[in-house]
Amino acid sequence: MTNWLLEPLHYTFMQSGLLAAVLVGLTCAVLGVYVVLRRMAFIGDALAHTVLPGLVIAYLNSWNLAGGALTAGLATALLIGWLSERREMREDTAIGIVFTGMFALGILLMSTVRSFRDFTHMLFGNILGVTSSELLFIGGVAIIVLTLLALFHKELELTSVDPGYAAVIGLRVHWLRYLLLCLLALAVVSAIQAVGVVLTSALLVTPAATASLLTQRLTPMMGLAALIAVLSGVVGLYISYYGSVSSGAAIVLVCTLCFGVAWVARWARSK
Amino acid sequence: MIPYSPHPHQEPVAGALAVNVVNISGAYEHQRAPALNGVNLQVPVGARIALVGSNGAGKSTLLKLIAGLLPLHQGTISLFGHSVGVCRHRVAYLAQRSEVDWRFPMTVRRLVGTGRYVHLGWFKRPSAADRQIVEQVMAQLQIEHLAERQIGQLSGGQQQRTLLARTLAQEADLLLLDEPLNAVDVATRAIVSQVLDALKTQGKTVLIATHDLGRLEQEFDGALYLCEGREVQPPPGSFTGVHVGEWAVESRPLVAELVEATSHLPLTTSHQQPTTNPS
């Protein structure tokens with residue numbers, strides 16, 4: 001048993017893969033609690049998809065991939081923030097239009113290259129191929145996101161529960177929303193390295209939603225979500241190693257399984 | 001302390017009116033708030049004033065303008081001698097219950113505690129003194145047994161008491177209460193009345209938007225009657241106001257066509273004006 005657990009750790013790609021999975025899981029799960037509670041799940045998904053053209057353009061020009069993704073992500077975050085302040089169109093409709101358009105642009109650009117193969121890691125992630133500079137980026141994002149969430153905890157909480165009162169005491173509710181959107185863009189870009197564009201929103205939503213079934217308190221909810229995500233990351237990687245299956249899909253499915261177990265547990269408790 | 005608002009907090013100017021609204025007008029379709037049309041309101045420190053009128057008359061709009069939640073298009077508002085936003089720590093606002101996300105995971109104690117945030121500003125956590133104030137106001141509103149309960153599990157009356165407790169926790173001098181008695185149980189009604197009396201004894205200024213015309217004379221020093229965003233006159237013999245300190249609460253001349261149009265409403269203008277020699 002011990003051998004079975006230790007064997008994969010002899011490989012550098014598994015070591016850095018596990019570290020990346022833990023860091024990404026931590027970042028996405030804690031931020032994901034706000035995503036779930038503020039009903040921004042759709043925004044998380046949209047951000048992940050709009051990042052694709054940024055990635056592809058960076059790839060085609062041999063620029064830094066994370067830089068391209070980050071630029072596209074932050075631009076989308078600001079655009080969504082701006083859209084949500086106006087009332088000409090429903091926010092989810094506007095986001096739906098922008099994100100499908102951007103995703104289509106990404107795919108169109110991808111199809112200009114003869115082989116699609118280079119892009120599968122963008123769509124589905126390649127956590128075992130994570131380089132040390134990508135790991136550094138993921139670590140940096142984790143520190144930035146978690147630090148800012150801790151520093152602005154009471155304000156983010158208040159603007160979520162009662163934005164009107166927050167505005168009365170002088171808080172700029174819009175600015176905090178922009179902050180949250182930018183952190184979301186950062187987290188999404190780092191999660192894309194791990195599980196790819198298509199599955200990123202699962203890391204944001206599923207662990208946080210699972211935790212919200214198990215506790216009614218904000219800080220424990222964040223802790224629990226982080227625990228679920230980290231555990232899923234590690235278990236998913238082992239499954240991927242021994243079963244030779246896609247690591248991103250394995251991680252997400254373990255998260256989904258956790259959600260299923262929590263759902264049944266809550267249902268059984270309420271009986 | 002680093003205040004949330006870009007203006008540093010300033011203390012009230014001695015002798016200034018608590019609220020001085022001069023001829024404000026403006027439409028707020030974007031914010032889904034009724035328009036106001038030439039409203040005046042002068043409230044001396046320590047007065048308790050009712051804003052009366054039907055739904056859509058502009059009561060909430062007026063309170064939101066005073067609270068700084070809506071931009072002022074025309075006219076001026078000063079609070080304790082300063083423009084809106086300078087005395088935020090001295091002004092507390094109680095919104096209607098529907099404006100809170102009650103499904104957010106938060107305990108009653110923590111929501112009441114957010115009333116202290118304006119004094120804490122960025123990065124600071126509540127001190128022991130802050131926590132003590134929170135316990136006191138929860139006891140005053142008889143919700144201390146609910147302190148650890150999730151806000152999503154409260155009844156309507158309990159929600160209202162929680163929000164009022166938060167408003168009191170701010171220890172403000174001017175309280176803007178939007179329909180604090182809307183759809184609450186008898187027990188809550190009694191507790192809110194006690195709280196209002198206690199505020200009066202403490203010399204706080206209170207502005208209350210209300211539908212409830214039953215006990216205006218017993219409970220208020222004056223009333224501003226609004227109809228479709230305009231002030232209107234009271235019906236003959238109705239309550240017009242009393243003296244508060246050196247200020248007299250007076251009614252204003254009728255606007256004939258408005259009275260015609262709105263004769264089903266209790267119509268008054270009430271207005272505080274300084275008198276050199278209070279009688």
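Proteins come first, then strands; the chains are lettered A, B, ... in the order of their sequence lines, and each starts at number 1.
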Practice problem: Answer with side chain, backbone, both or neither: which region of B:W102 has an atom nearer than 4.5 Å to a non-hydrogen atom of chain A? | Solution: neither
Quiz item: Under a 4.5 Å heavy-atom cut-off, does chain A meet the side chain of B:L94, its backbone, both or neither?
Solution: neither
Self-check item: Donor-acceptor pair between A:T159 and A:R177 side chains, under 3.5 angstrom
Solution: no
Quiz item: Looking at B:K59 and B:A209, what are the two nearest heavy atoms and their distance?
Solution: CB-CB, 3.9 Å
Practice problem: Identify which of A:V168, A:L218, A:L158 forms the greatest number of heavy-atom pairs closer than 4.5 Å to chain B. | Solution: A:V168
Practice problem: Please confirm whether B:Y4 and B:Y117 have ring centers closer than 6.0 angstrom. | Solution: no
Quiz item: Checking heavy atoms, do the side chain of B:Q153, its backbone, both or neither come under 4.5 Å from chain A?
Solution: neither
Quiz item: Which one, A:R38, A:H153, A:E157, leads in non-hydrogen pairs under 4.5 Å with chain B?
Solution: A:E157
Quiz item: How many angstroms lie between OG1 in B:T205 and CG in B:L176, if you round to the nearest 0.5 Å?
Solution: 10.0 Å
Self-check item: A:L37 portion near chain B, given a 4.5 angstrom heavy-atom threshold
Solution: both
Quiz item: Do the non-hydrogen side-chain atoms of B:L79 and B:V84 ever get within less than 4.5 Å of each other?
Solution: yes
Quiz item: Picking from A:R172, A:M221, A:E155, which has the most non-hydrogen pairs under 4.5 angstrom with chain B?
Solution: A:E155
Quiz item: Is the shortest side-chain N to carboxylate O distance from A:R39 to B:D101 below 4.0 Å?
Solution: yes
Quiz item: Can you say whether B:E99 sits under 4.5 Å from chain A via the side chain, the backbone, both, or neither, judging by heavy atoms?
Solution: backbone
Quiz prompt | Among the listed options A:L151, A:V33, A:T215, the residue most often paired with chain B at heavy-atom distances under 4.5 Å | solution = A:L151
Practice problem: Identify which part of B:T107 has an atom lying under 4.5 Å from any heavy atom of chain A, answering side chain, backbone, both or neither. | Solution: side chain
Self-check item: Which atoms of B:A67 approach chain A - backbone, side chain, both or neither, heavy atom under 4.5 Å
Solution: both
Quiz item: Is there side-chain contact between B:L196 and B:L199, with at least one heavy-atom pair below 4.5 Å?
Solution: yes
Exercise. Count the heavy-atom pairs under 4.5 Å between each of B:R125, B:Q170, B:R166 and chain A, then report the option with the highest count.
Key: B:R166
Quiz item: Would you say B:E171 and B:H89 make side-chain contact, with heavy atoms under 4.5 Å?
Solution: no
